[in-house]
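Notes follow once the structure below has been shown.
In what follows, chains carry the letters A, B, and so on, assigned in the order in which the sequence lines appear, proteins first and then strands, with residues in each chain numbered from 1. Only a predicted model underlies this, so the values are computations on that prediction, with no experimental measurement involved.
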2 protein chains.
Amino acid sequence: MTAPQTFSNAKFDAGWSLRFEAGAAAPAGGRIVSHRARAMIVDEGDTSNAVYEIVEGGVMVFKLLPDGRRQIIEVLGVGDVFGLASTAVSDVSAEALTPVRLAMFDRRAVDLDAALRDRLFQRLRAQMCALHDHALLLGRKSARERVATFIMRLVAGRGGVDCSGPRRTNQPGRDDRARVGLAMTRQEIADYLGLTIETVSRAFSALRRDGTIAYDRQDEVQIGNVCGLCRLTGSH
Amino acid sequence: MTAPQTFSNAKFDAGWSLRFEAGAAAPAGGRIVSHRARAMIVDEGDTSNAVYEIVEGGVMVFKLLPDGRRQIIEVLGVGDVFGLASTAVSDVSAEALTPVRLAMFDRRAVDLDAALRDRLFQRLRAQMCALHDHALLLGRKSARERVATFIMRLVAGRGGVDCSGPRRTNQPGRDDRARVGLAMTRQEIADYLGLTIETVSRAFSALRRDGTIAYDRQDEVQIGNVCGLCRLTGSH
DNA sequence: CGCCATATTGAAACTAGTCAACCGGAGTGG
DNA sequence: CCACTCCGGTTGACTAGTTTCAATATGGCG
């Protein structure tokens, strides 16, 4: 599984970028804990007073129904936070998407440390916006739009309100390509987009058939025309 | 449109209650503004530095796709907050669901007033949990489950992890009834649940046909057996 | 009384889900 | 070294659930 360069997620329309590599800025403080990819970090219903801030890597936050249906609620990267339910009982589960390093804080520390609380607050607001976008996707977009949106979110700096647009070059219409790593399996993508694995697979195949995307490895996609893909998201 | 007594929404599984009537506790501070039902409060894309806290009434927060598809993201009541996007540009629109009174704060005031910020932070965490639940509903539940979940959320104190259960009485199995006001039109419910108006209508009709609910006015539902309805939500 | 909104119901079309077969690469063991 | 297996992904055929389109109620209000 190749770790992608960037993973633009939070608040799609604002075009924020979500990264998996450790940031230059020194992180948090707090106790650093590490997990391997696909390790369980928090289980829904756990009583825990821990709040987590991602230092490096990616995390999937999800919920399960009693019969096993799973919805991945958010996919998080460096700087994102989780474990901030308003009670001591976690309302969600969290699993490492990649090998991950986390800064772990006690809930009480959040009450005491104003700088930490401000950072969490600010990040929570950003993640809230991403959640809004995702609700729109889950409630109103077609399978094709969902997959197009998912891929677009992996293209750093594109597709948001502040989208840089295709780079201006001497050849108009050219040089609007990108290559993104997926990091997630088809099943995970399906659980994130509220679809089945077959529907996701078919959507990828259809996009490849009509030339919108290309790939050899199924976890690394090339986009010939980013603006063209963006038009398939339903958002633009 | 009869204002319901209570509207249990935020973090379904935690069973928090959302009310439309003004609370006993003195509110916020901030400038009080009022809107009539269905009045537009914020428009997606607006540049505004206002943060709102609901003093009385209900608010619908939603997003639109360019072709007019609408997703109602959250339905908010007293104490809930909105306008907390992480940039000055609002990522969502907000409309009054009932006549509503709002406490309006300047974003800068939030940075200065620690008590206010803590209150907003705490509430944001609660609303984030509600959003998690709603993503699960939108991504993974059937139409029937969505409507059952919607109705259950209107039953104060029931359906959460801390559900009080049917009241214990001398007649076991009795006295597990409830009556709830809907406050929303079928179209609004549909846009909230990620369905069409016809599907919502059919789900209500089916629940009425099989005796799970009863109603004369379409905006006021009687539940004969709350636990029975709860079993149809998919969550239990 | 009659109009306009909203809601309900029916029938047909379509999207996504289900079930099942198959493919292909990675790892295992004879 | 190669057959075998396992697992994730793809594809096909069929089904189910939801949407779409259209007609018909119902209810509030002038």
Side-chain angles (χ1 to χ4, degrees), chain A residues 1-2 37-38 60 65 67-72 95 97 137-151 181-210 213-221 232 234, chain B residues 1-3 37-38 60 65 67-72 97 137-151 181-210 213-221 232 234:
Chain A
M1 192 71 62
T2 311
R38 269 77 196 181
M60 296 177 287
L65 255 9
D67 63 5
R69 283 174 283 176
R70 178 173 73 156
Q71 179 62 43
I72 296 178
E95 187 181 302
L97 172 57
L137 177 148
L138 293 173
R140 288 300 180 215
K141 288 191 177 184
S142 70
R144 177 193 171 89
E145 289 170 336
R146 291 180 204 208
V147 171
T149 303
F150 175 75
I151 300 173
L182 261 34
M184 293 162 77
T185 66
R186 292 285 187 269
Q187 184 63 63
E188 288 161 351
I189 296 170
D191 287 347
Y192 184 46
L193 300 182
L195 301 168
T196 60
I197 185 172
E198 294 94 334
T199 300
V200 170
S201 188
R202 277 186 249 274
F204 269 98
S205 297
L207 289 174
R208 171 150 74 169
R209 214 175 308 117
D210 68 24
I213 61 174
Y215 53 91
D216 303 313
R217 310 165 46 85
Q218 32 44 292
D219 63 345
E220 198 170 300
V221 170
L232 301 179
Chain B
M1 191 71 67
T2 310
R38 269 75 196 181
M60 295 178 287
L65 254 8
D67 63 4
R69 281 174 285 177
R70 178 173 74 156
Q71 179 63 42
I72 296 178
L97 172 57
L137 177 147
L138 292 173
R140 288 297 179 219
K141 288 191 177 182
S142 70
R144 176 193 173 86
E145 288 170 338
R146 291 179 204 209
V147 170
T149 304
F150 175 75
I151 299 173
L182 262 32
M184 295 163 75
T185 66
R186 292 286 187 271
Q187 183 63 64
E188 288 161 351
I189 296 170
D191 287 348
Y192 183 47
L193 300 182
L195 300 168
T196 60
I197 185 173
E198 294 94 335
T199 301
V200 170
S201 187
R202 277 186 248 273
F204 269 98
S205 298
L207 288 175
R208 172 151 74 168
R209 211 176 310 120
D210 68 23
I213 61 173
Y215 53 93
D216 303 311
R217 310 165 47 85
Q218 29 48 290
D219 64 344
E220 198 171 299
V221 170
L232 302 178

Distance in angstrom units between [X] [atom1] and [N] [atom2], rounded:
| X | N | atom1 | atom2 | value |
| --- | --- | --- | --- | --- |
| B:I197 | C:dT8 | CD1 | C1' | 9 Å |
| B:F204 | C:dT6 | CZ | P | 16 Å |
| A:K141 | C:dT15 | NZ | P | 18 Å |
| B:D216 | C:dA7 | CG | P | 16 Å |
| B:R186 | C:dT9 | CZ | C1' | 13 Å |
| B:D219 | D:dG27 | CG | P | 12 Å |
| B:R217 | C:dA7 | CZ | P | 12 Å |
| B:R144 | D:dA16 | CZ | P | 17 Å |

- Item | A:E145/B:R69 ion pair, N-O < 4.0 Å |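 Judged by the 4.0 Å cut-off on N to carboxylate O distance, A:E145 and B:R69 do form a salt bridge.
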- Message: Quiz question: going by heavy-atom distance under 3.5 Å, is there a donor-acceptor pair between the base of C:dT18 and the side chain of A:R202?
- Response: yes
- Compare the minimum distances between each of C:dA16, D:dT19, C:dT8 and the side chain of B:T196, then state the nucleotide with the smallest one. D:dT19
- Item | Minimum-distance nucleotide to B:T199 side chain [options: D:dT18, D:dG9, C:dA7] | D:dT18
- Item | C:dA5: syn or anti, per glycosidic angle within 90° of 0 |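 Classified syn.
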- Message: Pick the closest DNA chain C nucleotide for A:S142 and for A:E198 by heavy atoms, then say which residue is nearer the 5' end.
- Response: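 Result: A:S142.
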Are any of the side-chain heavy atoms of [X] and [Y] separated by less than 4.5 Å?
| X | Y | answer |
| --- | --- | --- |
| B:Y215 | B:L182 | no |
| B:T185 | B:E188 | yes |
| A:R146 | A:L138 | yes |
| B:Q218 | B:F204 | no |

- Message: Suppose we define a pair by two distances each less than 3.5 Å, Watson-Crick or G-U wobble; what does C:dA20 pair with here?
- Response: D:dT11
- Query: Now, which nucleotide makes the Watson-Crick or G-U wobble pair with C:dA5, with each of the two distances under 3.5 Å?
  - Reply: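 C:dA5 is paired with nothing.
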- Could you check whether B:S205 gets within reach of a base, just the sugar-phosphate, or nothing at all, counting any heavy atom under 4.0 Å?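 The residue B:S205 makes sugar-phosphate contact but no base contact.
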- Respond yes when some side-chain nitrogen or oxygen of B:Y215 is under 4.0 Å from OP1 or OP2 of C:dA7, and no when none is. no
- Upstream residue (5' side of DNA chain D) when A:R209 and A:R140 are each assigned their closest nucleotide: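 With A:R209 and A:R140 compared, the 5'-side residue is A:R209.
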